[in-house]
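Input: one structure, supplied below.
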Amino acid sequence: MAERYARIIIDISHEKVDRTFDYRIPERLCEDVAVGSLVLIPFGRGNAMRKGYVVGIASHADYDRDKIKEIAGIVTDGVTAESLLVSLAWWLKEQYGSTMNQALKTVLPVKQKIKPKEKKVLRCLLQKKDLLTALQEAEKKKYKARVRLFQAFLDNPLIPYEIAVNQMNLSSATLKPVIEKGYVSLESEEVYRNPIKLEATGKSRVLLNKGQQAIVEEFRRDYSAHIRKTYLIHGVTGSGKTEVYMELIDRVIEDGKQVIVLIPEIALTYQTVMRFYGRFGNRVSIINSRLSAGERYDQFERARNGDIDIMIGPRSALFTPFSRLGLILIDEEHEGAYKSEVVPRYHAREVAEKRASMQDASLVLGSATPSLEAYTKALRGEYQLFRLTERAKKDSRLAAVSVVDLRQELKEGNKSIFSRPLKALMEDRLAKKEQIMLFINRRGYANFVSCRSCGEAIRCPHCDVTLTLHNNSRLVCHYCGHSVPMPDRCPACSSPYIANFGVGTQKIELMTKKMFPSARVLRMDLDTTKKKGGHEEILTAFSEGEADILIGTQMIVKGHDFPNVTLVGVLAADLSLNTPDYRSAERTFQLLTQAAGRAGRDFKHGDVIIQTYSPEHYGIVTAASQDYESFYNQEMAFRRLMKYPPANVLFTVQFSSRQEKLLTHGSDAAAAFIMPQAEQERVQIIGPVEASVYKINDIYRKILYLKHENYDILIKIRDQIDGFSETHPELFDQIMIQYDFS
Ligand code: ADP
Ligand code: ZN
Ligand code: ZN
């Protein structure tokens with residue numbers, strides 16, 4: 001039998017992944033040693049026995065064959081979380097195309113010694129009656145931060161200090177006087193850990209309604225019968241999905257298992273976080289981007305040591321080192337943030353499926369607007385589908401949505417950004433002292449050109465995406481490279497009113513203040529939220545009634561509950577409709593549905609106005625009628641026709657280089673090389689074309705698109721490109737190749 005070698009790392013950490021050692025795998029162990037195995041090896045001069053993880057297996061070693069040592073044995077007592085993560089890294093590498101190092105660095109947290117920081121908790125020392133008096137007093141004096149604290153204490157007498165500072169924006173200046181007055185005490189974690197559990201004193205649980213109950217029962221039945229699968233909960237905003245999640249978590253931790261909950265960073269607000277703390281107390285840990293590397297490592301250590309059962313966080317929480325994982329939950333499953341922007345470009349949903357199957361765990365996805373990928377699988381029966389079609393709170397209804405045709409407004413002489421119906425409703429709400437959100441769904445760059453007379457955006461004749469304006473002179477398709485000079489009249493109706501479509505939040509703020517001079521206006525966008533906590537600060541100010549109108553991008557449509565918001569205006573729905581991306585209709589539908597979900601969360605009647613130049617577009621029509629099914633059917637028909645995902649797998653190869661000529665040579669050569677195989681397998685190839693932003697930091701990028709319904713065939717082609725580039729250094733020496741599947 002041919003010799004086999006294992007590549008081993010001894011100290012499994014982010015920093016040491018480059019330090020690998022080669023060992024021979026003795027024949028007797030050949031069957032058992034795999035990537036992820038924990039093995040015993042003789043190490044160093046004295047050949048002391050050390051443990052190490054296998055991160056790769058090869059038929060040759062980089063080390064002198066005569067000097068190479070053998071693996072002494074395999075450690076079999078229990079599977080460690082590390083060993084699972086190493087196998088998962090291997091899968092990431094294979095699946096998405098990266099090096100093993102990149103994959104390992106994705107799954108392992110950065111080890112960083114931090115001073116063991118004492119965990120602290122704020123405890124309310126007041127009786128309920130006194131707390132209410134203190135709250136009233138603070139309200140009278142307009143001590144907003146103090147009001148926030150006391151209100152939170154009404155639900156929970158214990159609040160983790162971190163949450164008070166990070167999520168509730170309470171400063172030490174707020175906390176000091178209430179501590180000095182003896183209203184509140186600051187205690188260390190030892191006290192906080194035991195004997196009190198937050199749960200015992202927390203809010204009473206809601207009584208689940210029939211729809212929620214059905215999901216919980218079915219899950220429990222499956223779970224007890226050892227059936228592990230993927231569930232998709234399609235539930236409108238406010239239908240009670242989070243309550244369901246908490247019941248499911250209960251069942252799983254009852255069993256001694258652990259749970260990972262993924263929530264997009266932007267939705268990880270104080271309200272959400274406290275609901276989980278209120279229910280599960282100190283068995284919960286949270287990671288977010290505000291944590292330093294050291295703090296994050298610390299949270300992962302707590303998970304590894306079994307100090308916690310539940311980890312809540314964004315995408316990277318998926319790699320929490322739980323060895324007894326029983327459930328992964330992904331809320332807002334459709335969110336773009338679940339796809340990694342760096343190599344390996346994994347999608348959290350796919351990795352969660354893999355991790356769940358490795359650890360025999362269940363997977364639950366939830367969304368008001370499921371991704372086409374997930375819904376397609378649910379319809380095929382690969383996922384079990386549940387629906388929650390009504391809001392859970394009594395008397396809370398979905399808002400009334402109407403669409404306003406901006407072309408008509410222009411025709412009738414209204415050139416402002418506020419249509420007449422929107423303006424009328426805004427005046428009404430300002431008079432009633434209710435709040436308004438104005439939303440521009442701008443995402444990425446909105447550099448397309450459209451006609452203000454007929455509403456047509458100028459599109460690529462081959463790809464059905466909008467063309468992008470380059471240097472104010474040419475329109476270019478980012479999918480196929482098609483390019484035309486910028487016309488001076490609309491190709492559809494010959495109107496001269498065609499222009500680059502791009503309105504910023506700042507401009508809208510100015511126009512709003514001009515139109516409604518007495519209204520108090522807040523703006524939330526990348527500029528105003530740059531500083532730490534800025535995002536939370538603006539939302540808090542708005543929810544405390546410090547402004548009448550909040551203007552913002554998609555940032556404002558998530559997370560916080562604003563019971564006093566009764567009007568949401570979407571200023572130009574076309575902004576997200578006409579981005580050069582095959583997902584633009586899906587994004588638009590999601591954003592509009594979410595925006596609509598913000599109005600009338602409580603008992604007041606809510607209105608939503610969607611202003612658009614394309615009122616007949618199915619993405620807008622179906623969002624206005626809140627008809628997901630209809631949207632799904634029309635969008636899938638489009639994807640099938642265009643062979644876009646999820647009807648097909650889209651495999652993207654990106655070549656990048658500082659040398660433009662070499663880049664063209666290399667990418668053309670790679671495309672030519674795979675052509676025969678691609679033709680034989682009927683893979684559709686487009687390109688190489690220039691990337692949507694061709695040059696970034698003096699690096700040029702070209703993209704090759706391949707489409708096929710069979711993922712494995714595309715993987716084969718990827719391996720061919722890999723092989724070809726490795727054997728032709730003269731072509732690819734200065735070119736970097738990255739892969740992406742969607
Ligand atoms: P989602 O996660 O689907 O947006 P939530 O779980 O946040 O929905 O529920 C929305 C609101 O309705 C919350 O305030 C929640 O406490 C409440 N709620 C959920 N389920 C019920 C129920 N069965 N009875 C009463 N209120 C409920
Ligand atoms: Zn026109
Ligand atoms: Zn095109």
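In each ligand, atom 1 is the first atom listed, and ligand 1 is the first ligand listed. What's counted below: heavy atoms across the whole structure, side chains too, no hydrogens, waters or symmetry copies. Everything numeric here is computed off the predicted structure, so don't read it as measured data.
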May I ask you to check whether Thr174 and Ser171 show a side-chain donor-acceptor distance below 3.5 Å? yes
Using a 4.0 Å cut-off to any heavy atom of Ala392, which atoms of ligand 1 qualify? 12 (O), 18 (N), 19 (C), 20 (N), 21 (C), 27 (C)
Under 4.0 Å from a heavy atom of Leu208: which atoms of ligand 1 are those, numbered in the order shown and with their elements? 23 (N)
What atoms of ligand 1 come closer than 4.0 angstrom to any heavy atom of Leu207? 22 (C), 23 (N), 24 (N)
Can you tell me which residue pairs pass the salt bridge (Lys or Arg N to Asp or Glu O under 4.0 Å) test with a partner in residues 127-138, sequence neighbours excluded? Glu137-Lys141
Under a 4.0 angstrom heavy-atom cut-off, which atoms of ligand 1 come close to Gly240? 1 (P), 3 (O), 5 (P), 6 (O), 8 (O), 9 (O), 19 (C)
Contact between Gly238 and ligand 1, counting heavy atoms under 4.0 Å? yes
Distance-only side-chain donor-acceptor flag, Arg391 / Ser239, under 3.5 Å: no
Less than 3.5 Å apart, any donor N or O on the side chain of Thr540 or Glu544 sitting next to an acceptor on the other? no
Before signing off on this row, confirm whether Lys241 and ligand 1 have an N or O atom pair separated by under 3.5 Å. yes
Best match, Gln213, Met246, Glu243: closest heavy atom to atom 19 (C) of ligand 1: Glu243
Distance-only side-chain donor-acceptor flag, Gln590 / Thr369, under 3.5 Å: no
Quick note on ligand 1: atoms under 4.0 Å from a heavy atom of Asn209 include exactly 23 (N)
Heavy-atom proximity to atom 6 (O) of ligand 1 ranks first, among Lys210, Glu332, Arg275, Arg391, for Arg275
Identify whether NZ of Lys or CZ of Arg in Arg228 sits under 6.0 Å from the centre of the six-membered ring of Tyr223 and within 45° of that ring's axis. yes
Are Glu635 and Tyr618 linked by a side-chain donor-acceptor pair shorter than 3.5 Å? yes
